[in-house]
Amino acid sequence: MPELPEVETIKNTLKHYVINKTIKEVSVYWPNIIKHPDDAEQFKLILPGQTIRDITRKGKFLLFQLDDYVLISHLRMEGKYSVHKTIEPIKKHTHVVFAFTDGQELRYNDVRKFGTMHVYTKGDEMSQKPLSQLGPDPFDEGFTFDYFYQKLKKTERVIKTALLDQTIVAGLGNIYVDETLFRANVHPLKRSSKLNKKEIRSIQCQAIETLEEAVKQGGTTIRSYVNGQGEMGMFQQNLFVYGQENKPCKKCGKPITKMKIGGRGTHVCKTCQKN
DNA sequence: TCTGCTGTTAAACA
DNA sequence: GTGTTTAACAGCAG
């Protein structure tokens, strides 16, 4: 589910509810979510007493900035956060609960249990998995044309696969890659190393623009995504190709084709996107 | 009931 | 380095 715009929206809505709250107790109902410390019991032990000072984001990762630690959370396909009063019943598929000292709780719910959580001592998080190998966030200074050009020029993979690679740029997923390539008029099967400067610049600009627009719309809800307040996104109304199989292209009117690239469903207008 | 699909990613293997 | 398959899971459509 959540790609950069959805994580950004969750961050913004959640901040409103959990900033300056102090963790009293942590419950873990599915320990496999916890990747660091190795032992979920340890995870439960170190967090009480910590106050959430800020929430930040890098790529698709949500970072809860605590006093002494950083909690790094990845939602994978269907992870969701919500805030409740302690007395409210726990919903199905709730795997981790952070109870605060004020009678409220931050709950992590994940139908498919693919999400991950890592806790590191503050300052260590960037040199450890999962952030250590991550490329620049598209909204960061580090996502320069020179950097992007170099990275794409030296890989033989097709552009669709390269854009999904989080070590090149962090935050694009299947929806926004398809949208970006359509807007840039580049075919997803085009070899990255064969792209010219103009195409690479276009992909970079369209990626940033698409993500910015999606953030403004509160993200894209296809099946299950909701923000930290349980609200759906609206960007699905602005999609050009994702989920538009057999529907007329909004630019040329020819039907949108769906194919498989690198094992991922890929939507393309064969008229507008040239290989 | 069975099969294939899903917004993610890491690991194992050729 | 690159591509493919599998695996972590549950739900849903056909």
For [X] and [N], give me the distance from atom [atom1] to atom [atom2], rounded to whole Å.
| X | N | atom1 | atom2 | result |
| --- | --- | --- | --- | --- |
| L75(A) | dT9(B) | CG | P | 11 Å |
| E78(A) | dA8(C) | CD | P | 18 Å |
| D165(A) | dG1(C) | CG | P | 12 Å |
| H118(A) | dT9(B) | NE2 | P | 13 Å |
| L164(A) | dT4(C) | CG | P | 14 Å |
| I175(A) | dT8(B) | CD1 | C1' | 12 Å |
| R264(A) | dT8(B) | CZ | P | 5 Å |
| L152(A) | dT2(C) | CG | P | 12 Å |

Compare the minimum distances between each of [options] and the side chain of [X], then state the nucleotide with the smallest one.
| X | options | result |
| --- | --- | --- |
| E156(A) | dT9(B), dT2(C), dA10(C) | dT2(C) |
| R112(A) | dT6(B), dT2(C), dT8(B) | dT6(B) |
| K129(A) | dG11(C), dT6(B), dA11(B) | dA11(B) |

Under a 3.5 Å threshold, yes or no: a donor from one side chain and an acceptor from the other, between [X] and [Y]?
| X | Y | result |
| --- | --- | --- |
| S132(A) | S127(A) | no |
| H267(A) | D178(A) | yes |
| T220(A) | Y242(A) | no |
| Y176(A) | E6(A) | yes |

Report yes if at least one side-chain N or O of [X] is closer than 4.0 Å to OP1 or OP2 of [N]; otherwise report no.
| X | N | result |
| --- | --- | --- |
| H93(A) | dA10(C) | no |
| Q166(A) | dT8(B) | no |
| K260(A) | dG3(C) | no |
| K258(A) | dT6(B) | yes |
| T161(A) | dG3(C) | no |
| K35(A) | dA8(C) | no |

Between [M] and [N] - [atom1] atom distance, rounded Å:
| N | M | atom1 | value |
| --- | --- | --- | --- |
| dC9(C) | dA11(B) | P | 16 Å |
| dC5(B) | dT4(C) | P | 15 Å |
| dT5(C) | dG4(B) | P | 13 Å |

ask   = How is N32(A) classified with respect to the nucleic acid when contacts are heavy atoms under 4.0 Å: base, sugar-phosphate, or nothing?
value =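 Contact class for N32(A): sugar-phosphate only.
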task = Run the numbers on F64(A) and Y81(A) for ring-ring contact (aromatic ring centres under 6.0 Å, His included), then give the verdict.
result = CA-CA 12 Å; F64(A) 293 84; Y81(A) 278 103; 5.5 Å; yes
ask   = Paired with dA10(C): which nucleotide, if any, by Watson-Crick or G-U wobble criteria at under 3.5 Å for both distances?
value =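 Across all strands, the one nucleotide that pairs with dA10(C) is dT6(B).
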query = Is the closest basic N to carboxylate O distance between K44(A) and E41(A) below 4.0 Å?
reply =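 Counted as a salt bridge, because a side-chain N and a carboxylate O are separated by less than 4.0 Å.
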